[in-house]
Structure formats: structure tokens, C-alpha cells
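Data first, discussion second: the structure below is written as C-alpha cells.
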Amino acid sequence: MILEQITDQLSDAIKARVLTLFGIPIDRVVLQAPPRLAMGDLATPVAMELAKQARKAPRQIAEAIASGLELPVAVSRVSVEGAGYLNFHFDRRLFTLEFLRAIGAPPSATGHRVTVEHTNINPNKAAHIGHLRNAVLGDTLIRCLVALGNHVERQNYIDDTGVQVADVVVGFERLLGEGIAEVEKRIADPSVRFDYFCWDLYARTGQHYEKHPEAIEWRKETLHRIEKGEGETARLGAIVAKAIVTRHLETALRLGIEYDVLVKESDIIRQRFWDRAFELLKTSGSVVFEEEGKHKGCWVMKLADSAEFEGMEEPDKILVRSNGTVTYVGKDIAYQLWKFGLIGDTFAYREFRRYDDGRIVWETTSEGDGIEGAPHFGGAQSVYNVIDVRQGYLQKIVKEGLRILGHQTESERSIHFSYEMVALSPATAKALGVDVKPEDEQKAYLEMSGRKGLGVKADDMLDELEAKAREKISSERSTGSEADDAKLARQIAIAALRYFMLKYGRTKVIAFDVNEALSFEGDSGPYLQYSTVRVGNIFRKMEERGVDPMLGKSQLDRLAIGEELVDDMWQIVRMSADTDNVIRRAVETLELSLVTRHAFDLAQTFNSFYHKFPILNEKDDAERQRRAVVAEVFRRTMNQIFDLVGIPMPDRM
RNA sequence: GCGCCCGUAGCUCAGCUGGAUAGAGCGUCGGCCUCCGGAGCCGAAGGUCGCAGGUUCGAAUCCUGCCGGGCGCACCA
């Protein structure tokens, strides 16, 4: 906050100065931290950029700008360095106290309504670590958007009428010869994990299709019945989907991920959302019925005229098949229109589950059991769809759908949060008992496949992380309380996994390696927790010794930290103050790894300080106070970041 | 064929809208627990930034071409 003010003021002052001195208007002043602390706290190469136009040497220009430049209060001086950089040096003491006052202040509301759709796991098998990347990215994006003052709706789309559900139903009905009664018994049986059972069954069905291609007929029949929503088969599909989604929400909750509403694909059809969207699309003229050709009998969207799709071999996208069923993209366009409130909200909602604090997850329903007082969903101003990069083409078509309906603004505010997939390292695949083929041995990674049952299940990974943390706790630092140790192990597991999913750039394929993900050292979530826990220990000991750290809001004015902070201390404050910028940039670029990267850099800097400057045993009061202030700045900043990335803060480790 | 992404240290990755001496983690080697907890800290070795041009005062970063790898372009989702 305070940093932003300084940057704005400096930027304005420099612009004004350049205008009066050289008569040159500049619209943007680059102000960033110089590479080394000794060079100052903010720097701009503006003089170099002006050199040509102003026909003067950069240093000369810099000197001219610097002399008589009005500086913000917290900036003590300006210097000219290097080839002609203008460097600004802060009043460290003043800045630190101002900043300490402002950390963690709630954001001012923007009034902007945002919808984030994420997770979207097919409800036919257990979640794997690839789904986790999606859920963690989506959830973290939400936390950042909220931190920037937006009102965010958390949606999870349930594809309950798709091929994947159909295949598991085929497994139950045709391979196992089971019906609703048997499946319900399985769901109720606490000794089987239903999502794991379906994981294997789904793979079995896939194998069966390979050996008996004629069995694909089963899939078609089953899918058709599920889409129509009639009969035993459709009911079985709904029962399976519901049971699996229940498991998925439980898995997500282990990572602190919650939702507001589950939108079911079946309801998009049954609540006539599609019919309405279809009417609109038909009148737009860009969606036409094909009388002949290879798409005879289909309704297709013409993409040839759009610049986005130029040069495509197949510029037509089928929205309605010749048998009258709607494709996935078609339904997705209708869904997207609803998210923006462009076809109203006639969904009915019922309670799906409650969280411990009483908040409700709603789900759409078309069974006439919608609740009267349910909240109203949809109608956002911006929409983020967290979906992996392989669906980039379809997301473009959804955007195009809004555009051809004349919703230019909404089309632009339909943001595809695209990220790369999670694959398996050959070593991890082998460890899973997969027979890695010789030709795959050389590959950097192997793609996971639900159909083949190849993948690391999310709950297995979490279990393994917890077990590892648990082992370390009991062998090294158990408090003796079983419940406390277990809780701590859970907190560490969450930190490790969430951090792991966030630390890579979103365009990078993660070649998932179990050993790397299990690491609690170095560039990891537990490292961040550990660093922060240690600070907490210092303050706890102070309290035990009856020393008041004097860091309460009302005490700050009287805080006697004496002289300015030395570089080792100041650097921590300066970095902490950058956090707001980092959040903003992370959301702008959808690069959430910026946040974890920043947190890691900060923790590393702090750990170095921690070893070099003891606090409790420092005899000089003012020096001890200075160090405590720095530790407190770090602690509050880290807590703020933990909230942002969903990492829990243990009180011991 | 068209489109998107990746290529930086032995391995996994940072490097922000061009800017000051290209940085971490892991691994390797060597130090540091009578001292706020060693899930930590300090140090060393290790880089033709895939290749070739171009733009610029300045390029890992921008542009063009090429090489290597991945993904997408279904009446699947």
C-alpha cells in the first residue's frame, strides 16, 4: 500500500519534471527495485530512454531531473548511478513503521462480481494429482481475487451426462451385472472407497472395449439413456455421479478448497438453458443447419469469417449432432451465457452438503425439489475458467459464441485460465507398477490416463505426505498429543502439496515425481511454514520472559528503534512491502507461481537474518527492538501470503 | 498442413511490461548445533541462456528463420 503510494507520487513527479525540462511528455515511468540494495529502493532508467530525444548524455539528464525533484515523505534522497539510472533511497525507519501499521489491512471492495469455475472433475472415478493442479490453481486464484477486493463466486461444473460416467455405468451393469441396489450397497459400505472402486472399474471397462470393440455399442446406448434422464440406467448414472462428487468435495476439503455451487450438465439441458441459447444462436445467423455435406443434419457454428480461426482446415464446429443431441461446446456456450446473466437464472437449487461452519454448497436440480430461499447464482462481470491448455480451442469457440451473439464485453471478459497438464515421470510410473515400454523409457514424462487407470490418486498422495510428516514428527518432535501431531502432519501435507502445484509456471508440464513432491526441504511449502513458526517461537519466549515486544498498534508511535535499519534487516521489510504488487501481477498474468516464488525468496532472506541476528539474547534494547520489528514484519507478511495460497499456519513444527 | 506451448548449471526450475555482475532448489564437495529448534545457515565447484540473423545505447527477454520436444485442430469431453 505505502509502496504503491510512493511509486505513484514519484512517477507523477518525474513526468512533470521531464515535461518542464525537456518538453517531452512520457506516459509510463518504469520504477523497479535495483539489483542490489546498496543502489537504493526504487530505480528508473528514464534518463537513458530520453537520451536520444533530448540530445544529451543520460547522466546529465538524470542529474537535471534529480535536482529539484519533489520527493515523497518516506523517500529520503535520490542519486544518479551507473550509466544514468535515477535511484531513490527510502527513509527506512519511517517506511517500516508505516508499513507495519498497514500489513493485512482488508482490501477496499471493488464491487466487481467475478465467477471462477474450476475443478470440474468427471464424476466417474477418484481424483488424481492432475485434477489437483486445477483445483489448487483455481482456489488460489479465488483467494487472490478476493484479496484484491472482488466478490467471487466459486463454481464447480459437473459433467454428469458424459461418456465417462456412461462407461462406469456400463461397468456396473454389463461387466458386473449390478443394478441400483448393489451399487447403493457399495456406496454405503465404509470398507470400500467408492471412488477408488470406480477408478478400477472404469479402467476395466476401457480394457473391455479394446478387446471387444463391439461393446462400444453399450456405451452409446447407456449414454443415450443417461442424456434422456429416463429409466434405471439414468438413475444409476445419477447415483454414481453424486457419490463420486461427494468424494471429490471431501478430497478438495482436505486441501481447504470449498465451493459455492455445483452446476450439473444435465440441468443445463433439462432447465431449457440450451433451448434458449440455441434460439439466440440461430437468430445470430452464424449457426446454421447443414442440408448436405459431411455435416448433413447437424447445426454448426461457422467460424470461417472470424479472424481468430483463420487458416483452419475445418472452420465449422458442430453444436447439435444429426441425432439431435447437443455437443459439449454447445452446452458450454449456454453455461457461459448463464454465468454472465445473459439468459437469466431459472436454475433451481438444492443443498448438496454443508461445511463445518454451516455454509452450504448448492447444486442445481431439475427434480422439482429446489429450495425457495436459495441464493441467486450467475450474473458475473468477469469469468475465469480454469481448464487445462488442451481445451484451449474449445474455450476459444465459447468466447466466439458470446461474440457472435453481440456480447463483445463479456466475450473479452471470458478468461481461459490455461495451464499445462500433470504427467508422470518414468520413475514414478514404474513405482506405480506400470510396465513402462522401452520406447517410453527415453521420454521426459508419461501422460496420465483415467481410461487406463494410470495415475497418482489425490488422496493417496495426501496420505503419503501425511504419513511422511507424521513419521518425522514422532521421531523428532512429538508433543505427546496424538491429535496435535496428526493435525500438524495434515497441515504440513497441505503446504507441501499446494506449494508443489503452484511453484511451477502454468505453461510448464509437471513431470510428477513422487520424491520431489514429498520433499519438505528447500523450495517447498513446509520450508515456509518452518521459517514462520520460528518467528512465532521467539515472540512466545518473549512473552514467557515477560518482555513486551511493543508491537501493538497503539505502541508503534513510541517504538524506539533508534537509527536506521541495516541492509540485512531493511531487505526483509522492502521485500515484504512488495507483496501487494506481486499479488496484482500474479492475477494480471495468471501466473500464481509469482506468489510462491516471492514467499520463498522472502523466507530465504529472513532465515539468513535469523541466523545472523539473534533477538532474544541481544542486550541492547534499541537493537533488539529493531530486530523484533523486522521479525514481526516478516511474520505478518507470511501470514498474509499463507491465506493467499491456502497454506495453513502451524503454531509449532 | 495450421495454431499454441517448452528449450537457461548434472537434474527440476526462476529471471516481471528490454536495463546494472544470469539466480534458486535438488545433487556433489567443504564448514556450522554449550548460542531464539539443523525441516535451518555459510561457502565451493558448475552456464556457447537450443542455433543463426535482425531491432536497440543495451537482448535470456522483442522480431524473423531454422533445429529438437510436447499439445491441440472429432457428429469425445
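Letters A, B, ... are given to chains in the order of the sequence lines, protein chains preceding strands, and every chain is numbered from 1. Since the structure is predicted, the reported quantities are computational estimates derived from the model, not experimental observations.
Note: A/Trp218 and A/His208 have parallel aromatic rings, judged against thresholds of 30 and 60 degrees for the angle between ring planes. The aromatic rings of A/Phe278 and A/Trp299 stand perpendicular to each other, their planes meeting at an angle above 60°, with 30° marking the opposite boundary. Aromatic ring pairs are classed by plane angle as parallel below 30°, tilted from 30° to 60° and perpendicular above 60°; the pair A/Phe606 and A/Phe609 is tilted.
Nearest nucleotide to the side chain of A/Tyr393, out of B/A77, B/A39, B/C73: B/C73. When distances are taken from the side chain of A/Arg597 to each of B/C13, B/A77, B/A39, the shortest belongs to B/C13. Side-chain proximity of A/Tyr504 to the nucleotides B/C36, B/C13, B/G40 is greatest for B/C13. Among the nucleotides B/G70, B/A20, B/A77, the one closest to any side-chain atom of A/Pro34 is B/A20. Taking the side chain of A/Tyr445 as heavy atoms from C-beta on, and the options B/C36, B/A39, B/G70, the nearest nucleotide is B/G70. Considering only side-chain atoms of A/Asn87, the nucleotide from B/C41, B/A20, B/A39 that sits closest is B/A20. Here the nucleotide nearest the side chain of A/Phe600, chosen from B/C42, B/G3, B/A24, is B/A24.
Between A/Glu618 and A/Arg627 there is a salt bridge, with a side-chain nitrogen of the basic residue lying less than 4.0 Å from a carboxylate oxygen of the acidic one. The pair A/Arg635-A/Glu632 counts as a salt bridge, with a side-chain nitrogen and a carboxylate oxygen less than 4.0 angstrom apart.
Here B/C11 presents its C1' atom at 8 Å from CD of A/Glu516, a figure rounded to the nearest Å. In this structure, the CZ atom of A/Phe500 is 11 Å from the C1' atom of B/C13, given to the nearest Å. If you take NE2 of A/His611 and C1' of B/G38, they are 7 Å apart, rounded to a whole angstrom. Rounded to whole Å, the distance from CD on A/Glu49 to C1' on B/U56 is 12 Å. Computed from coordinates, the A/Tyr328 OH to B/A74 C1' distance equals 15 Å when rounded to whole Å. If you measure from atom CG of A/Leu528 to atom C1' of B/G40, you get 13 Å, rounded to the nearest angstrom. When rounded to the nearest whole Å, the span between CG of A/Asp601 and P of B/G15 equals 11 Å. What separates NZ of A/Lys264 from P of B/A77 is a distance of 19 Å, to the nearest Å.
When heavy atoms are screened at a 4.0 angstrom cut-off, A/Pro58 is found touching no nucleic acid atom at all. A/Lys468 comes within contact range of no nucleotide atom at all, as no heavy-atom separation falls under 4.0 Å. At a threshold of 4.0 angstrom between heavy atoms, the contacts of A/Gly505 are confined to the sugar-phosphate backbone, with no base atom among them. Contact annotation for A/Asp167: no contact, since no heavy-atom pair falls under 4.0 Å across all strands. No engagement by A/Ala469 is indicated, since no non-hydrogen atom pair under 4.0 Å with the nucleic acid exists. Among the heavy atoms of the strands lying under 4.0 Å from A/Tyr527 are primed sugar atoms or P, OP1, OP2 only; no base atom is included. Note on A/Val509: only backbone sugar-phosphate atoms sit closer than 4.0 angstrom, heavy atoms only; bases stay farther off.
Pair check for B/U17 finds none; no Watson-Crick or G-U wobble contact set falls under 3.5 Å. Shown here, B/A24 forms a base pair with B/U12; the pair counts as Watson-Crick or G-U wobble because both key distances fall under 3.5 Å. Across the strands present, B/C66 finds its partner in B/G50; the criterion is a Watson-Crick or G-U wobble pair with both atom distances under 3.5 angstrom. Pairing of B/C71, defined by two Watson-Crick or G-U wobble distances under 3.5 Å, is identified with B/G3. Across all strands shown, B/G37 forms no Watson-Crick or G-U wobble pair with both distances under 3.5 Å.
Between B/G38 and A/Arg534, a contact under 4.0 Å exists linking OP1 or OP2 to a side-chain N or O. Dashed line: the shortest gap from a side-chain N or O of A/Lys541 to OP1 or OP2 of B/G37 is under 4.0 Å. Taking 4.0 angstrom as the limit, A/His295 places a side-chain polar atom (N or O) nearer than this to OP1 or OP2 of B/C75. Look at A/Gln604 and you won't find any side-chain N or O under 4.0 angstrom from OP1 or OP2 of B/G40. In this structure, A/Lys508 reaches the B/A14 phosphate: one of its side-chain N or O atoms is under 4.0 Å from OP1 or OP2. An OP1 or OP2 oxygen of B/C6 is reached within less than 4.0 angstrom by a side-chain nitrogen or oxygen of A/Thr507. Using a 4.0 Å cut-off, no side-chain N or O of A/Ser593 falls inside it from OP1 or OP2 of B/A14. For B/C35, the OP1/OP2 oxygens have no side-chain nitrogen or oxygen of A/Tyr610 closer than 4.0 Å. Side-chain N/O atoms of A/Tyr530 include one lying less than 4.0 angstrom from OP1 or OP2 on B/A39.
Mapping A/Ile615 and A/Glu447 onto RNA chain B via the closest heavy atom, the residue that lands nearer the 5' end is A/Ile615. Comparing A/Tyr85 and A/Ile318 against RNA chain B, the residue whose closest nucleotide sits nearer the 5' end is A/Tyr85.
Contact annotation: side chain of A/Asn537 to base of B/G37, donor-acceptor pair present below 3.5 Å. Residue-to-nucleotide contacts include a donor-acceptor pair under 3.5 Å from the side chain of A/Ser322 to the base of B/C75. Contact annotation: side chain of A/Arg390 to base of B/C71, donor-acceptor pair absent below 3.5 Å.
Of all heavy-atom pairs spanning A/Lys125 and A/His248, the tightest one is O-NE2, 2.7 Å.
With A/Tyr419 as the aromatic partner, A/Arg133 does not meet the cation-pi criteria of under 6.0 angstrom to the ring centre and within 45 degrees of the ring axis. With A/Phe520 as the aromatic partner, A/Lys468 meets the cation-pi criteria of under 6.0 angstrom to the ring centre and within 45 degrees of the ring axis.
Classified by its glycosidic torsion, B/C33 falls in the syn category, the angle being within 90° of 0.
Across B/C26 and B/G40, the matching C1' atoms stand 16 Å from one another, rounded to whole Å. On the P atoms, B/A59 is 12 Å away from B/U55, given to the nearest whole Å. Rounded to the nearest Å, the gap between the C1' atom of B/A45 and that of B/G7 is 25 Å. Annotation: B/G19 and B/C71 have their C1' atoms spaced 35 Å apart (nearest Å). Comparing the C1' positions of B/A14 and B/G25 gives a spacing of 10 Å, expressed to the nearest Å. On the C1' atoms, B/G47 is 16 Å away from B/U12, given to the nearest whole Å. The same atom, C1', is picked in B/G37 and in B/C32; the two are 15 Å apart, to the nearest Å. B/A22 sits 11 Å from B/A9 when the C1' atoms are compared, rounded to a whole Å.
Across A/Lys294, A/Lys302, A/His295, a single residue satisfies side-chain hydrogen bond (donor to acceptor under 3.5 Å, both in side chains) together with A/Asp316, and that is A/Lys302.
Without hydrogens or angle criteria, A/Thr327 side chain to A/Leu319 main chain gives a donor-acceptor distance under 3.5 Å.
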